[in-house]
Visitor: 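For reference, the structure I am asking about is given below.
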Number of protein chains: 2
Amino acid sequence: MFKKILIAEDFQDTNKGIVEALESRLQIETIQEELYCDKAYNRFKVAHEKGEPYELLITDLTFSENHVPRKLTSGKKLIDAVRAVDKNIKVIVNSMIDNPTEINPLFSEQEINGYVCKGRNSLNDLVNAIQEVYQNRTFVSPQLNLNTAGSVFEMDKYDLMILKNLADGFTKKEISEKLKKQNISPNSESTIDKKVSKLFDEFGAKNTHHLIAKLVKLGKI
Amino acid sequence: MFKKILIAEDFQDTNKGIVEALESRLQIETIQEELYCDKAYNRFKVAHEKGEPYELLITDLTFSENHVPRKLTSGKKLIDAVRAVDKNIKVIVNSMIDNPTEINPLFSEQEINGYVCKGRNSLNDLVNAIQEVYQNRTFVSPQLNLNTAGSVFEMDKYDLMILKNLADGFTKKEISEKLKKQNISPNSESTIDKKVSKLFDEFGAKNTHHLIAKLVKLGKI
DNA sequence: TAGTCCCTTACAGGTATCTGTAAGGGATTC
DNA sequence: GAATCCCTTACAGATACCTGTAAGGGACTA
C-alpha cells in the first residue's frame, strides 16, 4: 500500500472526514492534509527534494478564494505543477463535479488515475480508488457513466458554440459573420435560427432566454 | 451542552468529518448522522415520540438525487418538517452557499439559529455555532457579511423577479400581465424594458441573453 | 438516371426586444 | 405655489428573434 499520501481539500470538514476514514481503513504511514493548493505543492516539493516523495495526491478541483493570495487556484493547476516535478505521482481527484464533459479531460489530458464523485458513498469509493490506483488501475465512481459523454444527452460542439456565443451576448448575425470569417460551415443566420429552435424542443425551452438559463444551470455553457 | 444532536449531510466524507470533530471537541452524549433527509426526519420523529427528542439539527441545504425515492428533497423541507413536529428544536445550517439573498430568508422565514458556510474554517465555525446556539444566540460564519444583502452589489427583489421570469422563458409582455393581475406596481412593459436595460450597464451585459447567462453563473437566478 | 432524404440557405412575415422621446404624477425643496 | 427630481407609463422606430416556405445541393438508393 502507499506509504505517503497528500490530500488537498479546502473544506475543513471534508478534509477531516477523509483523513479519519483513511487512517481507520487503510494502513498508510503518512497522511498529510492541506487546505490550500500552494501549501500542498510546497509540502510535496520539499518531500520530493528530501528524497521522501509522496506517492499519491488526492485533490479537490475547486478551491474557494479568501484573503490569502494564491498562485495555484485550482486542483487542475496543482496537478500540473506536481506532475511537472514528479511525472509518476498518482493522482485521484475527489470533487462534487459529476459532468462527464468536465471529467473526461482529466483522464485524457491530465492523466489522472482516479475520480471520486463526492456523495453518499464517496468515502467508500475513495478507499476503493486508492486500492485500485495502487494496483496501477484507474478508478471512477460507479454512479458516473463516463461512456455517456458522447451520447444523445450531449450536445454537439457546433450547437454548444452557438449557445455560448449567444450567452456571451453576440447576436445570431454576428455569430454568422464570425463563422464565415473562420470558414466554418454551416454559417447562415437561417441555419443558426433552426439549430437553436431545435434545441428548444430538446430541452423543453420556450425561447432563447429560457434555453440559456437552463444550459448554464446544467453547467453546459 | 446539547445532549442529542442530529446531522443531515449527504456527502459521506463531510458527514464523517463533522461527527469526528464534534465528538473530539464537545461533550455530547448522542451524535446521530444521516445521509438522507427522510431518514433524518424519521429518526427525529421516533426520538420525539419516545420522549427523547433531539435538541439540535445540523443540516445541509442541498441533497443530491440518486435512485432512492425521496419525500424531503432539501434541507429547507427537512427544517419545515422537523419544526412542524417540534417548533423549539434548534437548527444550524451547514452549507457551501454564501449568497446572502439565499441565506437571509433562512433566518427571517425559517428562523434557523445558525448558519455555517463550508470552507477552510467551517469545523471551527460549527463548534462555535453550536456553543452560541446553546446559549440561545444566533451564529453566522464571520466571512459572510449578511448586512451587505441590501447593498449596492445586491439586486433588489423586483429586478430579480423580472430576470427570473425572463430566464424561465416568459416575455416582458407576459411578465407585465402577471404583475397587473397581482396588483404589483410598477407593471408596464415599458418600465420592465428600462429596468432590464439598466441592469445591462450594471453588469456589463450586451443584451438579455448575456445578462441571464451572467446572473445564472453568479448564482443569483 | 431518377427519386428520396437531409442539410443548408434565402426570404418573408410576425413577434419580441431595445432605445429614445415625451407626458404625467408624486415627493421634496425653496 | 413653483421648481425640481425621480419614477412610471405610452408610444414609436429600429433591431433582433422566431417560424414557415421554398429552392438548391450533396449523399444515398433503386
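Note that these values count all heavy atoms, side chains included, but never hydrogens, waters or copies made by symmetry. Just so it is clear: chains get the letters A, B, ... in the order the sequence lines come, proteins before strands, and each one is counted from 1.
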Visitor: Using atom types as modelled, flag every donor-acceptor pair under 3.5 Å from a side chain in residues 126-135 of chain B to any protein atom, sequence neighbours excluded.
Guide:
residue: B:N128; atom: ND2; partner: B:N124; partner atom: O; Å: 3.4
residue: B:E132; atom: OE1; partner: B:R137; partner atom: NE; Å: 2.8
residue: B:E132; atom: OE2; partner: B:R137; partner atom: NH2; Å: 3.4
residue: B:Y134; atom: OH; partner: B:M1; partner atom: N; Å: 2.9

Visitor: Rounding to a whole Å, what distance do you find between A:I175:CD1 and D:dC18:P?
Guide: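 Going from A:I175 (CD1) to D:dC18 (P), I get 11 Å.
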
Visitor: Can you name the residues that form a side-chain hydrogen bond (donor to acceptor under 3.5 Å, both in side chains) with B:N187, not counting sequence neighbours?
Guide: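 Applying side-chain hydrogen bond (donor to acceptor under 3.5 Å, both in side chains) to B:N187 gives none.
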
Visitor: For each nucleotide in nucleotides 12-21 of chain C, reading 5' to 3', give B when a protein heavy atom comes within less than 4.0 Å of its base, S when such contact involves only the sugar-phosphate, and - otherwise.
Guide: ----SSBBBB

Visitor: Whole-Å distance between D:dC18 P and A:H210 NE2?
Guide: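 Rounding to the nearest Å, NE2 of A:H210 and P of D:dC18 are 13 Å apart.
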
Visitor: Identify, with sequence neighbours excluded, every residue that meets side-chain hydrogen bond (donor to acceptor under 3.5 Å, both in side chains) alongside A:D201.
Guide: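 With neighbours one apart ignored, the set is empty.
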
Visitor: If the cut-off is 4.0 Å, is A:S188 near the phosphate of C:dT9, judged by side-chain N/O to OP1 or OP2?
Guide: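 Yes.
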
Visitor: Between P on D:dC17 and CD1 on B:I212, what's the gap in Å once rounded to a whole number?
Guide: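 Roughly 13 Å, once rounded to whole Å.
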
Visitor: Using the ring of A:Y36 (Phe, Tyr or Trp, six-membered ring only), decide whether B:R120 places NZ or CZ under 6.0 Å from its centre and within 45 degrees of its axis.
Guide: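 Output yes; distance and angle both within limits.
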
Visitor: Scan residues 166-178 of chain A for pairs that pass salt bridge (Lys or Arg N to Asp or Glu O under 4.0 Å), counting only residues two or more places apart or in two chains.
Guide: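 Output for this query lists A:K172-A:D193.
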
Visitor: Could you work out, with side-chain hydrogen bond (donor to acceptor under 3.5 Å, both in side chains) as the rule, every residue matching B:T59, not counting sequence neighbours?
Guide: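 Per chain and number, B:T59 pairs via side-chain hydrogen bond (donor to acceptor under 3.5 Å, both in side chains) with no residue.
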
Visitor: Does A:K195 reach a base, just sugar-phosphate, or nothing at all? Heavy atoms under 4.0 Å.
Guide: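 Counting heavy atoms under 4.0 Å across all strands, the contact made by A:K195 is with sugar-phosphate only.
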
Visitor: Grab the NZ-C1' distance between A:K198 and C:dC6 for me, whole Å please.
Guide: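 After rounding, the reported distance stands at 10 Å.
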
Visitor: Can you tell me how far C1' of D:dC18 sits from CG of A:D201, to the nearest Å?
Guide: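 My rounded result for the distance is 12 Å.
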
